[in-house]
Number of protein chains: 2
Amino acid sequence: MEANSAARGRTAPGETRASGGKEGRYHHGDLRNALIRAAIELAAEGGPDAVVLRAAARKVGVSATAAYRHFEGQGDLLGAVKEYGQQRLVACMEAVGRASEDVGPRTVTDRMMELGRGYVRFAREEPGLYRTAFCRKALGAVGLTEEGGLADVEGEQPGWETRSFELLTETLDDAVAAGLITPERRPGAELSAWAMVHGVAMLFLDGPLGTLTDEESSYVVDRVLTDILAGLMSS
Amino acid sequence: MEANSAARGRTAPGETRASGGKEGRYHHGDLRNALIRAAIELAAEGGPDAVVLRAAARKVGVSATAAYRHFEGQGDLLGAVKEYGQQRLVACMEAVGRASEDVGPRTVTDRMMELGRGYVRFAREEPGLYRTAFCRKALGAVGLTEEGGLADVEGEQPGWETRSFELLTETLDDAVAAGLITPERRPGAELSAWAMVHGVAMLFLDGPLGTLTDEESSYVVDRVLTDILAGLMSS
DNA sequence: CGCAGGATGTTTACGCCGTCAACATGATGA
DNA sequence: TCATCATGTTGACGGCGTAAACATCCTGCG
């Protein structure tokens with residue numbers, strides 16, 4: 001009770017409790033976002049398994065159960081990080097595209113390559129966030145009953161129709177418009193493309209490509225992307 | 001090897017602990033395998049996260065710490081399940097091939113398709129085991145320091161040069177021999193192929209393909225495999 | 001045959017986790 | 001002003017992985 005005024009003192013060095021000045025405030029003021037930021041750091045360092053409710057609360061300097069005022073539980077917190085990771089992914093994919101834009105005009109094929117390069121680059125640069133972005137177990141909006149019963153409420157699937165998938169879809173449509181892909185081969189093409197980049201990212205993160213240098217990996221990525229594009233555009 | 005109950009029987013009337021008999025034997029007799037079997041069930045039902053040391057011990061009817069006489073820890077137990085899952089995967093890949101053999105002669109292309117079909121079929125039929133088979137965190141032989149420091153002792157990488165990868169490699173070699181893939185495109189081809197099947201399996205397990213029927217999924221798989229093979233074999 | 005010693009299993013305990021219930025604090029609006 | 005309610009806190013529970021100490025049984029050696 002009164003003795004814990006000492007505990008009120010200070011815990012997390014990097015996190016001020018409130019945006020402003022006063023330190024020992026009982027109410028944080030922006031706890032939800034602070035917890036998300038902390039969880040993002042955890043995820044970036046250790047992947048989804050490292051997104052531990054108590055650790056995030058500790059980082060912010062707040063009791064573990066305080067998080068329950070802002071999240072349904074750790075699955076919900078994880079979901080917030082997941083969303084952030086997905087945003088970062090599309091940002092990376094778009095950034096690669098913009099970088100190329102500056103150099104000169106690009107073909108549709110170029111743009112597809114860029115999407116793939118951006119995807120893999122993000123997976124390599126932020127493996128923890130990437131893994132978290134595609135982590136099952138993470139409350140989306142409502143769902144997930146006890147015992148894995150797929151609640152599957154109305155509304156949205158986890159995260160496959162996010163912007164990153166849209167980017168791919170749009171570019172494939174452009175490829176059809178440009179005559180690079182025949183309309184008959186168009187349906188399902190995003191599956192092949194997506195499976196490829198996702199698969200090669202996994203080879204980098206968990207597989208035999210983990211030790212490659214940037215240069216080597218960029219060669220491998222281009223090779224793999226070339227293969228799948230050749231397949232999609234064949235005849 | 002399923003009938004190895006109580007290989008140890010001396011005079012005790014009771015049979016195995018798990019086989020419904022009277023428990024009372026202090027020593028189990030085949031605890032290591034019993035734990036692995038239990039852990040396999042757990043993995044099959046709930047994936048790698050469900051491989052819980054205490055749960056496996058409970059299933060076998062033994063104290064939690066008994067497992068430490070046979071495994072270094074839960075990572076080691078998980079590793080055993082992982083190995084089993086990998087074996088099941090290659091069994092499935094080979095089974096699809098054998099099934100086709102019976103029907104008639106196959107081309108190299110056929111055999112590559114079969115490998116992919118078998119791979120995805122296993123992922124669909126045994127998602128928990130599949131996920132466990134490709135689960136990071138699982139002691140291989142020695143490694144894995146504290147704190148994710150990749151011990152990377154000498155010897156073997158986790159599991160990428162297992163038989164399943166070999167199957168793919170051999171078949172790709174055959175494709176080169178048959179003139180379907182040019183020697184210049186051969187190096188790195190397994191990466192494309194592996195990334196593709198791994199990626200499409202993920203689309204089934206965690207992605208938008210999870211709800212497809214067998215027929216639909218088989219169509220999608222063939223489509224995706226056709227794409228990558230076309231890419232690999234294009235000029 | 002008898003018994004020491006190692007192999008195997010049990011109990012207890014520690015610290016971590018997610019989560020719930022009860023309580024404390026303080027911002028806010030009637 | 002002061003009751004209310006959102007926001008944090010403490011405490012507790014059960015489950016987890018794991019270590020240490022103890023118990024039981026098998027086995028090989030005399």
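Throughout, a chain's letter reflects where its sequence line sits, starting with A, and its residues are numbered from 1. As the structure is a computational prediction, the values presented were derived from the model and not from experiment.
With rounding to whole Å, B:Asp30 atom CG is found 11 Å from C:dT8 atom P. Rounded to a whole Å, the CG atom of B:Leu31 is 5 Å from the P atom of C:dG9. The separation between A:Asp49 atom CG and D:dG17 atom C1' is 14 Å, rounded to whole Å. Rounded to an integer number of Å, the gap from B:Leu78 CG to D:dT18 P is 11 Å. Atom NE2 of A:His28 is separated from atom C1' of C:dG26 by 16 Å (rounded to the nearest Å). When the C1' atom of D:dG15 is taken as reference, atom CG of B:Leu42 falls 14 Å away, rounded to whole Å.
Panel note: side chain A:Gln74, backbone A:Val51; a donor-acceptor pair is recorded below 3.5 Å. When atom types are taken as modelled, the side chain of B:Gln86 and the backbone of B:Ala133 share a donor-acceptor pair closer than 3.5 angstrom.
Along DNA chain C, the nucleotide nearest to A:Arg69 and the one nearest to B:Arg69 differ in position, and the one closer to the 5' end is contacted by B:Arg69.
Checked for salt-bridge contact, B:Glu170 and B:Arg163 meet the test: a charged N lies under 4.0 Å from a carboxylate O.
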> Can A:Thr171 and A:Glu114 be said to form a side chain to side chain contact (heavy atoms under 4.5 Å, CB included), step by step?
Replying inline: CA-CA 11 Å; A:Thr171 310; A:Glu114 287 156 14; over 6 Å; no
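Within the structure, the salt bridge (charged side-chain N to carboxylate O under 4.0 Å, His left out) test picks out the following pairs touching residues 208-225 of chain A (sequence neighbours left out): A:Arg117-A:Asp222, A:Arg124-A:Asp214, A:Arg223-A:Asp227.
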>> Protein within reach of the bases, or only the backbone? For nucleotides 14-21 of chain C, mark each nucleotide 5' to 3' as B, S or -, using heavy atoms under 4.0 Å.
In response: ---BBBB-
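A sub-4.0 Å separation between OP1 or OP2 of C:dA7 and a side-chain N or O of B:His70 is absent.
Note on ring orientation: taking the six-membered ring where Trp is involved, the planes of A:Phe134 and A:His198 are perpendicular (angle over 60°, cut-offs 30° and 60°).
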